[in-house]
Each structure stands twice: as C-alpha cells, then as structure tokens.
Amino acid sequence: MDDTAHTRAWRVLVVDDEPDLVEVVCGAVRYEGWQALGETTGLAAVRAAASWRPHAIVLDMMLPDLDGMEVLRRVHEEQPEVRVLFLTARDAVEDRIAGIAAGGDDYVTKPFSLAEVVVRLRGLLRRAAPGAAAQPPPAHALVLGDLVLDDQAREVTRGGDEIDLSPTEYALLTYLMNHPRQVLSKAQILDAVWSYDFGGQAHVVELYISYLRKKVDAGRAPMIHTVRGAGYLIKAAA
C-alpha cells in the first residue's frame, strides 16, 4: 500500500467534553485527508474505539465520566498499538508525565493550535500505518503484552515500535522474557546472561536493568519491576 492509500485509511478518534472543540479538531483531521470520529464522553470513546478501531486518539485528560487515563487503559487492553495524543489544561509537569507513563504517546496543552495537533498526529500516525499492528508476531517469537522479541530476526518491538538493544541488553531481555512473572535474582541473571560469576559485582545487573528500562519502558507503562531484596521480574503492563 502506498503512502497516499495509508493516509486515506488513517482513522482518528477525537474525544473531548466540549462538542465545539471536537467538531473543530475533527474538521482539521478531515482536512488532512484522514477519517475522523468525535465523542464527548469516556464511555462513548471506549465503545467507539472497540468498534471503529482507530489508529490514533486525540484524548482529553478531563472527561465527565471516565478520565483520559482510564479511557487509555481500557482501550489499550484490547488495542495496545493505538497512538494517543493527550489534550490537557493542566499545567503541572507531573500530570503530563503521568499521561505518558500510562501509555500515552504525546500531549498538547490547552489552548493549542490546530496546526500543532495535526503535526503531532502526523508523527504518531507514521508509526501506525494500517495493517501494521494487525500483523501477528511470528510463531517463534517471544511475546509478552505488546513486547515482542523475534530471535530469528534479532528484533525487539513494543507496541510496534522497534527497540534498538546492545547484544548484552538483548541477552538480558531474552532471559527475562523466557521467565515471565518470575522473580530472578541477580546471581541467576549473572549466571544466565554473563555465563560466569563477576566475583560479587552484582551492580552490573543493576546497571543493565536500568539501560533496558530506559529503552523498553521509556514513556510507557513499566514492564520491568524490582522486587526489593529478591531481584527482578518482567510482566505485561497493567
């Protein structure tokens, strides 16, 4: 499918409790040649996402029933590949970070320009071309939530985004994904990934876990967790 066909197929769900704003943003989306659908409540947005299968959602943080974070959580349970651009009137940096950490891809702060919304959407949609997310991972791949490790291709993706890992990071992630939801001690990880004892230098595990988190969990709901005094585990994001 060529780029023009991709553009025509892109579907954007716009969710805000202000009907006029929804109409204006939907108009800007359609002007770009994309399809648009507007909703004014969180529950309606969740239902629309389930039936219409958008590639991206422009999502207000503050809605009259469910807040934007809850809408995101419910949508991502079934469609983890959907890109989300948050709209927020909040000024606190913590709120913006929370939205990204919950699985949002980007945000704009009200009042905003339509041009800014379109530019940010275009960037998100480039990573959400129709059919890309619908392709199932290879049968031999390790799959945990939206994280996929294809050992034959030596590729790792999360939510369809490719993650570039060093050989050691790749080996560490492979070991973790082969033991999902299991607490693995630093000694076990050292033995499995480095194949020999570092003479008590378990800090190398901490170091590489931090490297891996920055790449696998950055801007997303965390999958790699520390179990204090015991080790580490990986599990699908909640």
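Only heavy atoms go into these numbers, but all of them, side chains included; no hydrogens, no water, no symmetry mates.
Ring centers of Trp194 and Tyr175: at least 6.0 Å apart, outside the cut-off.
Residue Arg53 comes nearest to Ala50 through the heavy atom pair CD-O, 3.5 Å, listed as atom of the first residue, atom of the second, then distance. Of all heavy-atom pairs between Cys26 and Ala36, the closest is O-CB, 3.8 Å. The shortest heavy-atom contact between Val82 and Pro54 is CG2-O, 3.5 Å. Annotation for Asp17 and Pro64: closest pair CB-CD, 3.7 Å, computed over non-hydrogen atoms. The two residues Ala230 and Val183 come nearest to each other via the heavy atoms CB-CG1, 3.8 Å. Counting all heavy atoms, side chain and backbone alike, Ala48 lies closest to Glu39 at CB-OE2, 3.9 Å.
Although no hydrogens or angles enter the test, the distance criterion places a donor-acceptor pair under 3.5 Å between the side chain of Asp217 and the main chain of Met223. Panel note: side chain Arg158, backbone Val148; no donor-acceptor pair is recorded below 3.5 Å. The backbone N or O of Trp52 sits less than 3.5 Å from a side-chain atom of Arg11, completing a donor-acceptor pair. Under the 3.5 Å distance criterion, the side-chain polar atoms of Lys215 are matched with a main-chain donor or acceptor of Asp164. Between the side chain of Asp60 and the main chain of Thr88, no donor-acceptor pair closer than 3.5 Å is present. Here the side chain of Arg213 pairs no donor or acceptor atom with the backbone of Ala218 at under 3.5 angstrom. Under the 3.5 Å distance criterion, the side-chain polar atoms of His225 are left unmatched by any main-chain donor or acceptor of Ile234. The closest donor-acceptor contact from the side chain of Asp65 to the backbone of Leu43 lies under 3.5 Å. Put simply, the side chain of Asp105 gets close to the backbone of Val84: a donor and an acceptor are under 3.5 Å apart. Without hydrogens or angle criteria, Asn178 side chain to Thr174 main chain gives a donor-acceptor distance under 3.5 Å.
Cluster membership check: Leu114 shares its hydrophobic cluster with Leu87, using side-chain heavy-atom separations under 4.5 Å among Ile, Leu, Val, Met, Phe, Trp and Tyr. In the hydrophobic clustering of this structure, Val193 groups with Leu207; members are Ile, Leu, Val, Met, Phe, Trp, Tyr whose side-chain heavy atoms approach within less than 4.5 Å, directly or through other members. Hydrophobic clustering, with ILVMFWY side chains joined whenever heavy atoms are under 4.5 angstrom apart, keeps Val22 apart from Tyr31. Under the 4.5 Å side-chain heavy-atom criterion for ILVMFWY residues, no single connected hydrophobic cluster contains both Val216 and Leu233.
Using a 4.5 Å cut-off on side-chain heavy atoms (C-beta onward), Ile57 and Leu85 make no contact. In this structure the side chain of Glu206 reaches within 4.5 angstrom of the side chain of Lys186, judged on heavy atoms. Counting only heavy atoms from C-beta outward, the side chains of Tyr208 and Glu169 approach each other to under 4.5 Å. The shortest side-chain heavy-atom distance between Tyr232 and Leu184 does not fall under the 4.5 Å cut-off. Residues Asp106 and Val108 have side chains not in contact (no heavy-atom distance under 4.5 Å, counting atoms from C-beta outward). In this structure, Thr168 and Tyr211 have side chains that are not in contact, with every pair of non-hydrogen atoms separated by 4.5 Å or more. No side-chain heavy atom of Glu81 sits under 4.5 Å from any side-chain heavy atom of Asp146. Contact check for Thr40 versus Asp16: no side-chain heavy atoms found under the 4.5 Å cut-off.
A distance of 8.5 Å separates CG of Leu173 from CG of Leu142, quoted to the nearest 0.5 Å. A distance of 15.5 Å separates NZ in Lys235 from CE in Met177, rounded to the nearest 0.5 Å. Rounded to the nearest 0.5 angstrom, Leu165 CG and Leu172 CG are separated by 9.5 Å. Atom CD1 in Ile189 sits 10.5 Å away from atom NE2 in His179 (nearest 0.5 Å). Phe86 contributes atom CZ, which lies 12.0 Å from atom OH of Tyr107 (distance to the nearest 0.5 angstrom). Note that the CD atom of Glu155 and the CG atom of Leu149 stand 10.0 Å from one another [nearest 0.5 Å].
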Exercise. Between Val25 and Leu21, is a side-chain contact (heavy atoms from CB on, under 4.5 Å) present by the stated rule, with each step listed?
Worked result: CA-CA 6 Å; Val25 175; Leu21 187 148; 3.8 Å; yes
For this session: Report the C-alpha separation of Ile163 and Thr157 in whole Å, then their side-chain angles, then the decisive distance to 0.1 Å, and conclude whether the side-chain contact (heavy atoms from CB on, under 4.5 Å) test is met.
Result: CA-CA 5 Å; Ile163 300 173; Thr157 60; 6.0 Å; no
For this session: Could you please spell out the steps behind the salt bridge (Lys or Arg N to Asp or Glu O under 4.0 Å) verdict for Arg73 and Asp67?
Result: CA-CA 10 Å; Arg73 186 189 69 78; Asp67 65 22; over 6 Å; no
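Glu77 and Arg74 are not joined by a salt bridge, as no carboxylate oxygen comes within less than 4.0 angstrom of a charged side-chain nitrogen. A salt bridge links Arg220 with Asp161: the closest approach of a Lys/Arg side-chain nitrogen to an acidic carboxylate oxygen falls below 4.0 angstrom.
In this model, a donor atom of one side chain and an acceptor atom of the other lie less than 3.5 Å apart for Tyr170 and Asp151. Side-chain polar atoms of Thr41 and Arg47 form no donor-acceptor pair below 3.5 angstrom.
Within 6.0 Å of the CD atom in Gln182, the count of heavy atoms belonging to other residues, nucleotides or ligands exceeds 12. Other residues, nucleotides and ligands contribute only 12 or fewer heavy atoms inside 6.0 Å of the CD atom of Glu78.
For Glu162, the salt bridge (charged side-chain N to carboxylate O under 4.0 Å, His left out) test picks out no residue, with sequence neighbours left out.
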